[in-house]
Amino acid sequence: MPPVLGVAGAAALHSFGSFAGYIWLGRAHSVSASWTVPRVLRPSPPGYAATWIGAQGPNKAFIQIGTVENSFWPARRKRPLYQDFAFWSDSSRQYRAVRIFSVRPGDRLAASLALTAGRWMLAIVDRTSGKRAGFGTDEEAKPSFNQLDWLQEDPRSAATHRPLPYPSLSEVDFGGLRANSALPSAARLYASWMSLQRKNLAPSSLRDDSFALQAAKRITREGARYLAIVSPLDATQNAVEPQILEWNETTPATQIDLQRATFAAALSVASHDVALAHWSGKASRLVRAWVARAGVLLVQTRLSPPLTAAGQQAWVARWLRDGHALSMVAYRLRRTLGLPV
């Protein structure tokens, strides 16, 4: 069974998650990049990795294209075997990798996604072997997209939904980054870190249109304080938000009230602790904005939704808008504190 390749915002079992690279926020209609298929270094345990570009939008809208790096060591062999291949996926396929063609470690790949005339057009070319593919799909073309990704991933098992073993790889690099056909502004890029057993991987600073993954720097004392405060809130939101999105006219009022109360309690504690802690410089201004946005979301969370389907949908839409506004401030605050998204 192919690995499940997830979205960058998915909940993770590690401290920082299963994705390393950059995320770009804004109205999105195209993304492209090139990279070298990483080599598995010896000694290294068998494992899965994936290198890809993608686009995301509201209500789990998602599409991606890239390469899977799969290595294993059969018995009585002196060299590993590889099953590296180009793939694509989207939320309609539950993020499962759809094979396009095989690739080899060291091959140079280039890929693009473009939303054109109501269809996503996908293209990928192996510049080393000459293999190429291009096709279109309209399955993810209706939602408005507001996020672009250039990421390396530790995929999850389709059976257990836990991250698969991650191999020791040669340097992972991205070049030729384009967002909406233009070089992405560093001001709109947010770093994503990947947590492994003994280290965290982070993207280097963007140089021209390229970056590489490297060992993450140490977290500052202020950054560690912020993570300690908001981590319980993040965990609660990851658990409660999918349940809120499934509300309908048959959902018991007691269940709705419990889910609202659970999130409201976590948000209230985090907001109180963030407001009381000492923050320096630019972080203090962003903290005040964060607390203000958290207050707006808390009011909406405590407001009982109407019992009708239309009323519930309107409540959830407002709750998501307020949550997105809080997330935008949190992204800026995390970057100021030297933290990943």
Side-chain angles (χ1 to χ4, degrees), residues 7-12 16-17 19-29 31 54-62 143-151 177 179-180 182 184-193 202-203 206 222-223 225-227 229-238 240-242 244-245 263-264 266-275 277 279-301 303 314-341:
V7 297
F16 288 119
F19 306 87
Y22 277 114
I23 292 169
W24 180 93
L25 299 177
R27 188 171 180 82
H29 57 75
V31 59
Q56 298 189 51
N59 300 323
K60 300 182 179 180
F62 176 75
S144 59
F145 282 74
N146 54 18
Q147 178 175 315
L148 300 174
D149 308 311
W150 300 267
L151 296 170
L177 271 65
N180 297 340
S185 166
R188 300 181 73 174
L189 288 176
Y190 296 83
S192 178
W193 292 7
L206 192 66
E222 276 195 324
R225 180 190 306 137
Y226 177 80
L227 288 177
I229 293 173
V230 302
S231 290
L233 172 61
D234 292 342
T236 300
Q237 182 171 353
N238 287 333
V240 172
E241 183 171 325
I244 290 178
L245 294 179
F263 181 74
L267 180 59
S268 178
V269 169
S271 181
H272 176 269
D273 291 349
V274 167
W279 309 97
S280 60
K282 184 179 179 181
S284 63
R285 295 192 296 274
L286 289 171
V287 162
R288 290 194 294 271
W290 189 97
V291 171
R293 290 294 186 182
V296 173
L297 180 58
L298 187 59
V299 169
Q300 176 63 20
T301 305
L303 182 66
W315 187 98
V316 171
R318 176 64 183 271
W319 186 79
L320 290 173
R321 286 196 300 271
D322 292 343
H324 178 70
L326 176 61
S327 295
M328 295 301 292
V329 177
Y331 285 154
R332 295 195 293 273
L333 178 55
R334 281 176 175 266
R335 183 161 56 191
T336 298
L337 296 173
L339 297 171
V341 294

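What you see is a predicted model; the values in this text were computed from it and never measured. For reference, positions follow the sequence shown, starting with 1.
- Scored by the ring pair (Phe, Tyr, Trp, His ring centres under 6.0 Å) test, F145 finds W120 as partners (sequence neighbours excluded).
- Minimum heavy-atom separation, D149 to A55: OD2-N, 4.3 Å.
- Nearest approach of P184 to L206, heavy atoms of both residues: O-CD2, 4.0 Å.
- Judged as a salt bridge (charged side-chain N to carboxylate O under 4.0 Å, His left out), and not counting sequence neighbours, the contacts of R318 are D322.
- Listed by chain and residue number, L115, N180 satisfy the side chain to side chain contact (heavy atoms under 4.5 Å, CB included) test with H29 (two or more places apart in sequence, or in another chain).
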Could you pull out every donor-acceptor pair under 3.5 Å between side chains of residues 324-341 and any protein atom, sequence neighbours left out?
from: S327; atom 1: OG; to: G323; atom 2: O; distance (Å): 3.0
from: R334; atom 1: NH1; to: P340; atom 2: O; distance (Å): 3.1
from: R334; atom 1: NH2; to: D234; atom 2: OD2; distance (Å): 3.2
from: R335; atom 1: NH1; to: A186; atom 2: O; distance (Å): 3.3
from: R335; atom 1: NH1; to: A187; atom 2: O; distance (Å): 3.1
from: R335; atom 1: NH1; to: L189; atom 2: O; distance (Å): 2.5
from: R335; atom 1: NH2; to: A187; atom 2: O; distance (Å): 2.7
from: T336; atom 1: OG1; to: R332; atom 2: O; distance (Å): 3.0

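- For the residue pair V31 and G54, the shortest heavy atom distance occurs at CG1-O, 3.8 Å.
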Pair S271-L298, side-chain contact (heavy atoms from CB on, under 4.5 Å): steps then yes or no: CA-CA 9 Å; S271 181; L298 187 59; 6.0 Å; no
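- Taking all atoms of both residues into account, the shortest heavy-atom contact from A294 to L267 is O-CD2, 3.6 Å.
- The side chain to side chain contact (heavy atoms under 4.5 Å, CB included) search around E241 returns Q237, L245, W319, L320, not counting sequence neighbours.
- Checking side-chain atoms of W279 against main-chain N and O of V274 turns up a donor-acceptor pair under 3.5 Å.
- Each side-chain hydrogen bond (donor to acceptor under 3.5 Å, both in side chains) pair with one or both residues in residues 280-300, not counting sequence neighbours, appears once here: E222-S280.
- Nearest heavy atoms, I229 versus A277: CD1-CB, 4.4 Å.
- From Y226, atom OH reaches atom CG of D273 across 12.5 Å, with rounding to the nearest 0.5 Å.
- Shown here for I23 and S192, the closest heavy-atom pair between the two residues is CD1-CB, 4.3 Å.
- In this structure, R188 contributes its side chain and W24 its backbone to no donor-acceptor pair below 3.5 Å.
- Annotation: side chain to side chain contact (heavy atoms under 4.5 Å, CB included) contacts of P58 (sequence neighbours excluded): S144, N146.
- Residues meeting the ring pair (Phe, Tyr, Trp, His ring centres under 6.0 Å) test with W193, sequence neighbours left out: F16.
- Partners of A20 according to the side chain to side chain contact (heavy atoms under 4.5 Å, CB included) rule, which considers only residues two or more places apart in sequence or in another chain, are M194, L201, L213.
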